[in-house]
Amino acid sequence: MSEEKEKKKLFQGFFEKLKKIKHLDIILTILFIAIILLVYFSSAGLFNSNDESQNKGTTISPNSIFDQYVESLTKEMEELISSMNGAGETHVMLYFTEGIKKEIAYDMTIETLENGKTIETKSPILITQDGKEEVVVLQEIMPEPESVIIVASGAKNANVKLEIIKLVQAMFKLSTSKIEVFAGN
């Protein structure tokens with residue numbers, strides 16, 4: 001019994017201390033939002049880029065061709081936008097929902113049954129390299145960005161901002177809702 005009373009006093013003391021904290025509701029709200037964001041970003045695949053269950057047929061690995069592609073595209077966009085009249089210093093961030101798509105070579109066999117129906121069987125063509133079997137990749141298709149964020153020092157000017165949006169739309173055929181342009185320092 002005394003052990004239960006001690007636990008009860010301990011919890012009461014803890015709750016009394018919580019009540020004395022100023023702006024507890026704000027702190028708890030911020031903590032709750034941080035947990036939600038952490039769960040969202042970890043499930044969206046932003047922290048784990050090797051999740052092949054989400055990217056069937058795609059492979060993203062650190063310092064891969066995909067990373068080089070993103071880096072090159074980002075640098076090219078920054079240079080292009082910075083060269084626009086009034087844009088100034090520019091930073092670009094590209095968001096992708098997919099990695100590189102691979103077109104795989106298949107071997108097709110067609111079998112005709114006695115009743116006249118045909119069955120097509122499609123199996124990937126495999127080759128052996130360095131003792132490992134790998135599928136034959138015909139083509140790797142680089143993804144288009146899903147959305148773009150741009151920070152440009154000249155974006156305070158509405159005309160410059162509009163021109164930047166038009167440039168990004170022309171490059172990637174994105175709707176304006178997928179392009180955000182912010183004024184930088």
Does any N or O in the side chain of [X] come within less than 3.5 Å of the main-chain N or O of [Y], such that one atom is a donor and the other an acceptor?
X    : Y    : value
N115 : K117 : yes
T74  : V70  : yes
Y69  : P143 : yes

Notebook entry, point to check: With the threshold set at 4.0 Å, does a side-chain nitrogen-carboxylate oxygen contact exist between E78 and K75?
Noted result: no
Check: Going by an N to O cut-off under 4.0 Å, is there a salt bridge joining E146 and K178?
Finding: yes
Check: Which of these, S153, S82, S83, sits in a side-chain hydrogen bond (donor to acceptor under 3.5 Å, both in side chains) with T90?
Finding: S82
Notebook entry, point to check: Going only through I, L, V, M, F, W and Y residues with side-chain contacts under 4.5 Å, is there a path from I149 to L162?
Noted result: no
Next item on the list: Consider only side-chain heavy atoms of I, L, V, M, F, W and Y, link residues closer than 4.5 Å, and tell whether I125 and Y106 are in one cluster.
Entry: no
About how many Å separate [atom2] of [Y] and [atom1] of [X], when rounded to the nearest 0.5 Å?
X    : Y    : atom1 : atom2 : result
S123 : M108 : OG    : CE    : 9.5 Å
K161 : I179 : NZ    : CD1   : 12.0 Å
M171 : E144 : CE    : CD    : 9.0 Å
K102 : E140 : NZ    : CD    : 5.0 Å
E180 : I164 : CD    : CD1   : 12.5 Å
Q139 : I141 : CD    : CD1   : 4.5 Å

Does a side-chain heavy-atom distance below 4.5 Å link [X] with [Y]?
X    : Y    : answer
E120 : T109 : no
I65  : I100 : yes
I119 : I110 : no

